Amino acid sequence: MALSTAAAAVVAFGDLDRQTVGLLVIALTVSLLMCGVHVAPALALPGLLGIWNLAGPKGVASLLEEIPHSSVASWSLSVIPMFILMGLVLQQTGITAVLFDAARQWIGRVPGGLAVATVVSGAGMSAGSGSTLGVTFALGRIGIPEMIKARYSPRLATGSVAMAGTLKLLIPPSITMVIYAGIAQTPVGPQLLAGVVPGVILAVLFTVVIMIWAKVRPVDAPAVDMSGYTTRSRLRAAVRTWPLVLLAVIIIGGMYSGVATATEAGALAAFTAIVLGAWSIRRDGPRQLLLRLGTALGHTVAAVAAIMLLLVGVHIMTRVAALSGLAQELTGFVSDLGLSRVGLLLCLVVVFVVLGMFMDELAMMLLTVPILIPVLNQLDIDLLWFGVFMGLMCEIGMVAPPVGLLSFIVHGIAQDREVNLGVRISLGDVFRGVMWFVFVAIVFVVVLIAVPQIALWLPQASMG
């Protein structure tokens, strides 16, 4: 921290050329992130020091007058509280829990059936939730005990839960995609739709990995007794998932058909979730409804405030990149290297895998995208497509060692005796469980680079 303080003084008051100021601002930001400082101040404070050096006190004052309002006062960003509120209401009223039971009854017979049901449930919950952590927590509390009870290996149980949670980064309503759209200034609706097909394909690939794993090592995924389930019980379980199906239709169908913008679809979905939540806990009485709705609203306000502060920080960083000439220098550097579109993206795969080892997905996105946009434009890389590419790389970073935020969260959930049922589950088990999925995800990223229409087809179809 002492080194960071000294670097901050150099950034603010050192007699440096503009490019050096820009580089030191980024280095200081990375240093603060590695020291555990929250992403928003880690972006904003070095950026303000850089502006102080480049434009003086008046430049800082002007920036603080303009950026906080211009960064967040956007109609497209109003979808964020809608999606978060919808997901939290569903979680608080227990609607998301029914999906795992339905998936287990329908898919439990296939090799690795409970793990496959976890991935399918994750994809389904992602289409009706605004929170990656919410999906992961719900799956962890429900899926891990079921798999441990069925004598699944801790590696497969925790690995499937962690990877199922990452699908939320791509499948609408994805807050990550909305934040990326705010940074890259892409239309929110098409950006959300761009993640649908890759997200579904990735879910299918994860289920294939599980089925192969179960075939190669049947001891890790013993067959589950499904004799207690009948056709009638399966149909009943499927019918109970109708609220999540309805919300997915409202969000994805509304945006694809052009009937509603992303914000309008989000608002309608949030309202529908409140009505459905009230109906699902109607027997608990109005007091319980108000308590759970109040909890969801409170958490929504906190989450939205944190996200908006992040956007303020990234716009400050963007201004530093422009004033210092760092973005232009990077563009010129890439041009001098003579990298093609594919060459640059393959290099970025390596860069993002390394960055993902040290910072979470938002830090990685907010730190790199503003600087990369001029380079992407020069190489004619579609920014809608790059948002999906970033989402995939963030998925990998969310679980890969040594940081892997979701892996740590799943490990934390698995320490509860009600979850692990007395079976010891180490962090190493979680990391070993996700590695085959990570490998498949990286292969899919390479395929996406070669065939960009996988991501672009749906948004282009929606725009006619």
Side-chain angles (χ1 to χ4, degrees), residues 86-132 134-150 152 156-157 160-168 171-173 196 199-208 210-211 214 221-253 269 272-273 275-283 413 419:
M86 177 191 67
L88 287 170
V89 168
L90 293 177
Q91 182 183 341
Q92 286 290 321
T93 55
I95 291 177
T96 53
V98 302
L99 191 59
F100 183 85
D101 179 58
R104 177 183 57 187
Q105 293 197 40
W106 283 94
I107 308 172
R109 293 183 186 274
V110 306
L114 291 182
V116 172
T118 299
V119 171
V120 172
S121 300
M125 289 182 189
S126 295
S129 172
S131 167
T132 302
V135 170
T136 303
F137 188 83
L139 288 174
R141 298 289 302 183
I142 299 169
I144 293 177
E146 290 289 336
M147 286 185 272
I148 295 298
K149 192 186 302 179
Y152 274 51
L156 179 55
S160 58
V161 166
M163 298 312 298
T166 66
L167 295 172
K168 177 67 238 144
I171 298 176
V196 174
V200 171
I201 291 175
L202 203 59
V204 172
L205 291 175
F206 288 166
T207 63
V208 171
I210 292 168
M211 293 172 71
V224 178
D225 181 14
M226 301 291 292
S227 59
Y229 297 124
T230 64
T231 301
R232 184 174 182 178
S233 71
R234 291 189 183 95
L235 290 174
R236 189 183 301 117
V239 169
R240 290 177 62 205
T241 66
W242 70 266
L244 293 170
V245 175
L246 175 62
L247 290 172
V249 169
I250 290 172
I251 296 168
I252 299 174
T272 304
V275 173
L276 294 174
W279 178 82
S280 69
I281 60 169
R282 61 192 183 281
R283 292 185 179 88
I413 294 170
V419 174

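Everything numeric in this text was worked out from a predicted model, so none of it was measured.
- In this structure, Thr118 and Met147 have side chains that are in contact, with non-hydrogen atoms separated by less than 4.5 Å.
- The minimum heavy-atom distance between Met211 and Pro111, with the atom names listed, is CG-O, 3.6 Å.
- Between Ile251 and Met86, some side-chain heavy-atom pair lies under the 4.5 Å cut-off.
- If you take CG on Leu202 and OG1 on Thr166, they are separated by 6.5 Å, rounding to the nearest 0.5 Å.
- Residues Ala221 and Tyr152 approach most closely at CB-CE2, 3.7 Å, considering heavy atoms.
- In terms of heavy-atom proximity, Pro243 sits nearest to Leu276 at CB-CD1, 3.6 Å.
- For the side-chain contact (heavy atoms from CB on, under 4.5 Å) test, residues two or more places apart in sequence or in another chain that qualify with Arg109 are Met226, Arg234.
- Side-chain contact between Val116 and Phe206: absent, with no pair of heavy atoms (C-beta onward) separated by less than 4.5 Å.
- Taking every heavy atom of both residues into account, Gly122 and Leu167 meet most closely at C-CD1, 4.5 Å.
- Residues Ile144 and Ala157 approach most closely at CG1-O, 4.3 Å, considering heavy atoms.
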**Study point:** Leu246 and Trp242: CA distance, side-chain angles, deciding distance, side chain to side chain contact (heavy atoms under 4.5 Å, CB included) verdict
**Key:** CA-CA 6 Å; Leu246 175 62; Trp242 70 266; 4.1 Å; yes
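- Here the closest non-hydrogen pair linking Ala269 and Ile250 is N-CG2, 4.0 Å.
- With sequence neighbours left out, Leu235 forms a side-chain contact (heavy atoms from CB on, under 4.5 Å) with Trp106, Thr231.
- When the options Leu205, Val119, Leu114 are evaluated for a side-chain contact (heavy atoms from CB on, under 4.5 Å) with Ile210, the one that passes is Val119.
- Side chains of Ile171 and Val196 form no contact here, defined as non-hydrogen atoms less than 4.5 Å apart.
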